[in-house]
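A quick write-up on the structure given underneath.
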Amino acid sequence: MFDSEVRTLCVVGAQWGDEGKGKLVDVIAERADWVVRYQGGANAGHTVQIGGRQFVLHQIPSGILHPGVRCAIGNGVVLDPDTLFTEIDELVREGVDVEGRLYVSDRAHLVLPYHKLVDCESAASRAIGTTGRGIGPAYEDKVARRGIRVQDLRHLDRLRDLVTAGIGHANAQLAASGSDKRASAEDTVALLERLAPRLLVLAEDVGLAVHRARLSGAAVLLEGAQGSLLDVDHGTYPFVTSSSTTSGGAATGAGLAPTSIDAVLGVVKAYTTRVGNGPLPTELDEALAAKVRKLGNEFGATTGRPRRCGWFDAVVVRYAARVNGLTGLAVTKLDVLDTLDRIGLCTAYESGGEVYDEFPGDLVLLDSVRPRYEWFEGWQSSTAAARTVDDLPAPARRYLDRIRELADTPIAYVSVGTRRDQIIGVE
Ligand code: IMP
């Protein structure tokens, strides 16, 4: 993926998240010098399988599993310091050397216990089906200029005032939502005082560090979390996360110029899933969804929630290709479809006698659409051992060709299993 032309590559999810970005980033990171997370927080769960061991990373870039790769958490991330250290400690226990190669932007905002409390107690969060990790409330504080940044920990004398302001707002929200729980300023200040020395060791001007690395020719991978249809601007609002998951957000969230991104890889499943509420036009009936969920182990890496399952939606992926400027696609979990007798591919939507081949922003319209499908015969044989496109059964190749055509984007990778080696690099 990296060559003389492509030095900074962004990897985004091109559906509703859980597309298998963790595995792709892990494979590509082998040739990267830096991997940078640019948005989201501990709502993400990037699963990587190495030699029979499974790692689920929530905040630390998956590149950490490659010795020598530097990893950074960018300014666009909302960082939960407590769970960051749990994650670091687990990696160290598993023998991963983290020391000296993990950096945290000093501009990143913190997710604090009161953000999680508000997220878990609010009816609005329940209606969206959030992960309860405090993501929305932390971004809300950031935009309302009430947030606490990593660098604020350098000035512990001012911290109490910042925490008091944040907690005042959080407690008002808790009261308004009818909850009898309240956050404590004392406990929050004590937590931050305890975590500050450990966090400040990691604090860095990440944008500047990565900029300098780029000038010296480094290969930089920008790792997106969630998916394009969960983007706060381009997703199925309000059923979205609170950050910019698309490639535009990568520049802002990593602290790099938009012109520094040379290529954008969109990761898609060979079908579609979504966790939480909101539109999913190609959603399967429960019997088939249960089958695909079991075959694909479609349960949330962060919350364990069962994922809703649907056929591949080319309207969604074509839209994601446009919004992100995708230069390539990685199609994951093709093997999950191996045993199905027929496979649907949505090419357009129909509603009220109209045909829509562009993804609509109007949720009322989206709720009314019926997908228009092309049907493909199932290949009914295992793809798990395929290592080249030619190893794939002909119906699987036809299916991938049609995805490429409809998304108007070349396919760069096809993944056929959870292991690192179960991937086909398409020439
Ligand atoms: P939040 O990001 O926790 O606020 O949740 C907002 C929406 O994004 C909910 O529908 C979540 O299920 C969804 N979401 C957040 N993170 C992920 C993820 O990593 N994968 C898939 N969906 C996610």
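Bear in mind that the values here come from a model prediction, so they are computed numbers and not experimental data. Order of appearance sets the numbers: ligands from 1, and atoms from 1 within every ligand.
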Given Glu298, which partner from the list Arg293, Lys269, Arg308 fulfils the side-chain hydrogen bond (donor to acceptor under 3.5 Å, both in side chains) test? Lys269
Donor-acceptor check, side chain of [X] to backbone of [Y], threshold 3.5 angstrom: yes or no?
| X | Y | value |
| --- | --- | --- |
| Gln15 | Thr273 | no |
| Ser177 | Gln173 | yes |
| Arg305 | Gly129 | yes |
| Asp26 | Val48 | no |

Polar-atom distance check: [X] versus ligand 1, any N or O pair below 3.5 Å?
| X | answer |
| --- | --- |
| Ile135 | no |
| Asp119 | no |
| Asn277 | no |

Relative to the ring of Tyr319, is the ring of Phe359 parallel (under 30°), tilted (30 to 60°) or perpendicular (over 60°)?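 Ring orientation of Phe359 relative to Tyr319: parallel.
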Is Arg160 salt-bridged to Glu186, going by a charged N under 4.0 Å from an acidic O? yes
Within 6.0 Å of CZ in Arg370, more than 12 heavy atoms from elsewhere: no
Counting only heavy atoms not in Arg307 (residues, nucleotides, ligands), do more than 12 fall under 6.0 Å from its CZ? yes
Quick check on contacts: which atoms of ligand 1 are under 4.0 angstrom from a heavy atom of Trp16?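 Answer, ordered by atom number: 21 (C), 22 (N).
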Find all atoms of ligand 1 within a distance of less than 4.0 Å from any non-hydrogen atom belonging to Ala44, and give their numbers and elements.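 Every atom of ligand 1 under 4.0 Å from some heavy atom of Ala44: 19 (O).
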Protein residue, atom and distance nearest to [atom], heavy-atom basis:
| atom | answer |
| --- | --- |
| atom 17 (C) of ligand 1 | Gln226 CG, 3.4 Å |
| atom 21 (C) of ligand 1 | Asp18 OD2, 3.1 Å |
| atom 2 (O) of ligand 1 | Thr241 OG1, 2.6 Å |
| atom 3 (O) of ligand 1 | Thr131 OG1, 2.6 Å |

So for [X], does at least one of its heavy atoms come nearer than 4.0 angstrom to any atom of ligand 1?
| X | result |
| --- | --- |
| Arg305 | yes |
| Ala225 | no |
| Ser242 | no |
| Val240 | yes |

Checking heavy atoms under 4.0 Å, the part of Phe239 that sits near ligand 1 is neither
Is ligand 1 under 4.0 Å from a heavy atom in the side chain of Arg133, in the backbone, in both, or in neither? neither
Which option, [options], owns the non-hydrogen atom nearest [atom]?
| atom | options | value |
| --- | --- | --- |
| atom 11 (C) of ligand 1 | Gly129, Gly235, Gly276 | Gly129 |
| atom 5 (O) of ligand 1 | Val275, Thr130, Thr273 | Thr130 |
| atom 23 (C) of ligand 1 | Ile128, Leu230, Leu229, Asn43 | Leu230 |

Answer yes or no: is there a side-chain heavy-atom contact under 4.5 Å between Val77 and Tyr38? no
From Ile148 CD1 over to Lys142 NZ, what is the distance, rounded to the nearest 0.5 angstrom?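 That separation rounds to 14.5 Å.
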